[in-house]
Protein chains: 2
Amino acid sequence: MTQRHRPTIHEVAKVAGVSISSVSRALNGNTSNADMVARVNAAVQEVGYVPSMVAQSLKTRHTGQVAFAMEDIGNAAYLEMVRRIQPTLREVGYRLLLHSTGADAEDELGVLASLSQNYVDGLILCPLRVTGRHVEALRHPAVPVVVIGLLPDDVPVDNVRADSRVGARMAVEHLHEAGARRIAFIDGPLDTVPGRARHDGYRMGLEACGLKPDDHLIRFADFQFEGGRHSARDLLTQHPDVDAVLGANDLIAMGAMHALRELGRHVPGDVRVVGMDDTPLAATSFPPMSSVSLGSADRGRIAAELLLRRLDGDGSPPERVTVPPSLTIRESSR
Amino acid sequence: MTQRHRPTIHEVAKVAGVSISSVSRALNGNTSNADMVARVNAAVQEVGYVPSMVAQSLKTRHTGQVAFAMEDIGNAAYLEMVRRIQPTLREVGYRLLLHSTGADAEDELGVLASLSQNYVDGLILCPLRVTGRHVEALRHPAVPVVVIGLLPDDVPVDNVRADSRVGARMAVEHLHEAGARRIAFIDGPLDTVPGRARHDGYRMGLEACGLKPDDHLIRFADFQFEGGRHSARDLLTQHPDVDAVLGANDLIAMGAMHALRELGRHVPGDVRVVGMDDTPLAATSFPPMSSVSLGSADRGRIAAELLLRRLDGDGSPPERVTVPPSLTIRESSR
DNA sequence: TTGAAAGCGCTACCAC
DNA sequence: GTGGTAGCGCTTTCAA
């Protein structure tokens, strides 16, 4: 692997017999002389010149890079976001940097702080928890930031939200309509943004249906399959009259479906199940599982679009977009 | 969003009452005078100085960035890789850039070419198809490259492989031992690296078991759920004697499980099913699905480690690592 | 040990 | 329209 010398703009200039300024202009389309452009291009070909992003960045003060920070790319919701963010940015020439922070708030703050290093032009942040220090850091970001998730109203950054409160409520109402009366809920941690919102939505749903809330029917499971399975097993053993389970995400709900099967309960005959996030897991499960889509893909796309507007120099006040949830009804709750 | 002036090393120097060289040295640990270090650090705090990555990169000629290019981060195998690559790189201070090329060979070549822009120090490439132009581009990469996937022997880059040929053979042998005699195979496209290898492995497996290959029992499905479902439905309708289905990945195999259920065939009683990649889908399916792990996580980690060695200046000859497959037997094939 | 100064490769301003 | 030239913010010689 011989580290060949990378030709610079000077080599091109020499070969073309012009000045480096002319080369720069020709390459950036700031010249009207067609002959000049042709000569420069020929020289570029000849020496195999490729502009240095780094030098350009130092001069122009932008990098063509955007970062996306979330807890774990392994989470289907974040994955959906990335899959939309990347092409949206890429279309206009931005590259995407990925930060999986592993639910470490310290790490997220580190990302926020490191923005001052100016290695990216903007950031899309999807925090699992929003602390006071987050808010503080978001007051004076070194580059434009878009936050996906709930944010205090006075934080001056663009903000894209899901409405998982309404989503959870929709699920409960649907289960009620389908005939369920003892609707259990397996949530994620209450101190996370989605955990809190879904909990509230569940309660709201019960009220809207005239069902009495019963805290014994609520469990917490860290958003994972095994947690859902354990919680559901426990739940159904202690409360055999439960006739529906809402999972705070599809993994939890899938775990619950497995537990139900192990307990010999039929889905949806004995117990109806609904998940949240509407990931591929839901569509491919057996029976296919109803799930509340929180529009992860849309949130990703919209966040990217908002950020691009800022990067274009848009100075209008921070925007707040809420993506409505939608329920996909499949066999598990019919 | 007031674009405040970012303090430079000059401000720090002025406040500390020293030269910019001293600031640089103190910050990079190239000074032994403790007093100097203290003064500089104090000044850094005072003005809120954060070094510019870009300026550092221009000078030092490295960026602290590594790119990972694959077809689609939505694919579970690539996802697993990313999940290991990122922390491995991050641990030593590298950031990860993501290129989802969307199975566009042109795009992959673009990534390879753009390496000359020196916006990254290295690349991990996981091509779905390897063309002559890939090979050509890989002969003189501008920065170290590690390829995950099959590669001609004479291409001088580090290379991490799965052995999906052996993996597919293992699956066939397992199905045979379990009692299957008419083992069908739903593959991905034959012109992809994994599609080809798995096809060969399937044939090898049949031979090893003394089963007669029958091309009618092979279908192609583009590695997706619906493809697997369609193919399986078609297959089982035309060949009701099929008693086992191997899917070239878990999505295909899941699709097949659904088709079987729709056809009223019991898994594993009537038809045994095995998938490949051993994704979360397999473990959470019902019944839990046997699957051949091709070590995606390990391949990702190893690729990252190999790349880090190169970035450390290791000049030894290109290495070739093959990660062995392993079969996880679950209910679907018992 | 410290400071002055020379670039890294580029853009953009200024005269011509 | 074209060519000098002054930096962008940093690291790293080189002398003192």
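Everything numeric in this text was worked out from a predicted model, so none of it was measured.
Taking all atoms of both residues into account, the shortest heavy-atom contact from B:Arg310 to B:Glu319 is NH2-N, 4.0 Å.
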**Q.** Annotated protein contacts, base or backbone, on nucleotides 6-16 of chain D with a non-hydrogen cut-off under 4.0 Å, one of B, S, - each
**A.** -BBBBBBB---
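A donor-acceptor pair is defined here as one N or O able to donate and one able to accept, closer than 3.5 Å; no such pair exists between the side chain of B:Glu108 and the backbone of B:Ala69. With hydrogens and angles disregarded, a donor-acceptor distance shorter than 3.5 Å links the side chain of B:Ser57 to the backbone of B:Met53.
In this structure, A:Asn33 places its CG atom 10 Å from C1' of D:dT2, rounding to the nearest Å. For B:His62 and C:dC8, the NE2 to C1' distance is 13 Å, given to the nearest whole Å.
Judged purely by distance below 3.5 Å, without hydrogens or angles, the side chains of A:Thr8 and A:Glu11 pair a donor atom with an acceptor atom.
Using a 4.0 Å heavy-atom criterion, one finds that A:Ser57 contacts no nucleic acid atom at all.
Atoms CZ and CG, from B:Arg84 and B:Asp298 in turn, are 6.0 Å apart once rounded to the nearest 0.5 Å.
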